[in-house]
Amino acid sequence: MTADREPPPGFETRAARAGHRRTGEMENAEPIFPTSSFTFESAAQAAARFAGDEPGNIYSRFTNPTVRAFCERLAALEGGEACVGTASGMAAVLSTCLGLLRSGDHIVASTALFGTTLSLFEKFLPRYGIDVSWVPLTDYSAWERAAGPRTRLFFAETPSNPLNETADIRRLASMAHDAGALLAIDNCLCTPALQQPLALGADLVIHSATKYLDGQGRCIGGAVVGDGQRVGEEIHGFVRTAGPCMSPFNAWVFLKGLETLSLRMRAHCEHAGAVAAWLQEHPAVSRVYYAGLPDHPHHRLAAEQQSGFGGVVSFEVHGGREAAWRVIDATRMLSITANLGDAKSTITHPATTTHGSITQEQRDAAGVTEGLVRISVGLEDPADVVRDLERGLSASTGG
Ligand SMILES: *Cc1c(COP(=O)(O)O)cnc(C)c1O
């Protein structure tokens, strides 16, 4: 424990050390506990653990020391009381909904959500009696109008993927609370290194750990962070019962990822800023969506609310799908994959990949056009990323 007068540890110190408990071997790096179950000293102890009279591990679907270390570290970075690790980012979204809501409840959600979250809300939740009203991310009066007596949750992603739209979290939080609802923010694109939604009034933070928390494109995982009752009891209760829990190995990879999160996010921001500025000057590009550019409609809010603009840059080329595919196919270094938040830069055509399985109407609402290309700018030299994109863009203009 820290002494009273000592200031709380800084962000990067928490990123390197929070949640670390050494075993008797006094190892310096966090150990991995790949065990399905834990043993008891006696039948009486087993009974006490199962009855909840004695704290401690029972089974890795309930708790696991490596997963707990990751959760404590992420909670310390987001400023939350509790965190639950999940098998994927989608499992985090699902567990939030099924852990907190019941049949008859209503969600107000932004149309600018990750494509699979849109599908989950549209195709699956209504089967269980949970229905969703869709609103444009930054149309605040639409959020207010959509909320009713059954509304329990406001759900938004800011900044959004792929267009980097930015919503005022404080404003959404106060509207959600006025409506008697909770605000959940998917903080995947910023990570706590750039934005901490709980400090701005959000109740729940959702992560796909698959992205920047890992940072090297290795493991699938997710997390929900928030208060002890909702996250520590209700959502954790759902996860330990239904089973979409995080694997200890993946937790260990994410735990290592968090140690370098702040350094990596700084580099992603810097590289993406350079690439976005270059794209904006290119004649084959009709529009660039990066909130770090002063002409992005949400530049000022993003500058205020975030400590960086992130690593995702989208741009539109003249000539629709054909031109966009030509750009992608002409690159040689960028990885053609829908993943983001990797050290390797990636390039994708959202309309036919991440946003391919939703309706045209939903794609239009999300602003995902046929000419849109999304890149996740990695940690390579930005000059090499630009050179690779130049190859693609000159192909798109036929030059
Ligand atoms: C990838 C992603 C998800 C889903 O995460 P998985 O780990 O792929 O299940 C949710 N939200 C956002 C913003 C994402 O980018």
Side-chain angles (χ1 to χ4, degrees), residues 67 70 74 78 83-98 107 109-125 137 153 155-167 169 184-195 197 202 204-225 239 243-247 249-251 253-254 257 265 268 272 289 291 306 309-314 335 337-342 346-348 350 353-358 362 366-368 374-378:
V67 176
F70 163 74
L74 184 60
E78 287 286 5
C83 169
V84 175
T86 55
S88 64
M90 288 317 304
V93 176
L94 176 71
S95 303
T96 298
C97 295
L98 297 193
I107 301 175
S110 150
T111 48
L113 291 184
F114 182 66
T116 316
T117 309
L118 285 172
S119 298
L120 175 72
F121 284 8
E122 182 81 6
K123 292 186 194 157
F124 292 95
L125 292 188
L137 177 63
L153 188 66
F155 194 104
E157 210 178 295
T158 179
S160 71
N161 169 23
L163 299 186
N164 279 308
E165 290 179 283
T166 312
I169 295 176
I185 295 290
D186 183 329
N187 198 25
C188 178
L189 260 60
C190 267
T191 83
L194 303 181
Q195 167 174 279
L204 302 156
V205 171
I206 289 173
H207 277 288
S208 168
T210 314
K211 313 294 167 52
Y212 291 103
L213 304 190
D214 177 327
Q216 297 178 51
R218 298 164 295 195
C219 291
I220 302 275
V224 189
V225 187
V239 169
C245 51
M246 179 179 278
S247 108
F249 176 78
N250 290 8
V253 170
F254 300 141
M265 290 313 290
H268 282 295
Y289 299 91
Q306 303 163 201
F309 302 103
V312 172
V313 179
S314 293
S335 309
T337 173
N339 196 32
L340 60 88
D342 195 314
T346 67
I347 188 164
T348 196
T353 60
T354 54
H355 292 69
S357 66
I358 56 176
Q362 285 173 313
V368 174
R374 187 197 76 194
I375 48 177
S376 161
V377 182

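Scope of the values below: all heavy atoms of this structure, side chains included, with no hydrogens, waters or symmetry mates. In each ligand, atom 1 is the first atom listed, and ligand 1 is the first ligand listed. FYI, the numbering just counts along the sequence from 1.
F155 meets the ring pair (Phe, Tyr, Trp, His ring centres under 6.0 Å) test with F121; sequence neighbours excluded. Contacts of Y289 classified as ring pair (Phe, Tyr, Trp, His ring centres under 6.0 Å), with partners at least two apart in sequence or in another chain: none.
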Please report, to 0.1 Å, the donor-acceptor pairs under 3.5 Å made by any side chain of residues 204-214, with sequence neighbours excluded.
unit_1	atom_1	unit_2	atom_2	d
H207	NE2	E78	OE2	2.6
S208	OG	T210	OG1	3.3
T210	OG1	G221	N	3.1
T210	OG1	G221	O	3.2
D214	OD1	Q216	N	2.9
D214	OD1	R218	NE	3.0
D214	OD1	R218	NH2	3.1
D214	OD2	R218	N	3.0
D214	OD2	C219	N	2.9

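Sorted by chain and number, the heavy-atom contacts of ligand 1 below 4.0 Å come from S88, G89, M90, F114, E157, D186, C188, S208, T210, K211, G221.
Contact of the E165 side chain with the S110 side chain is not registered, since no non-hydrogen atoms from C-beta on lie closer than 4.5 Å. When side chains are defined from C-beta on, V239 does not count as touching M246, because their heavy atoms never get closer than 4.5 Å.
For the pair S160 (side chain) and A112 (backbone), a donor-acceptor distance under 3.5 Å is absent.
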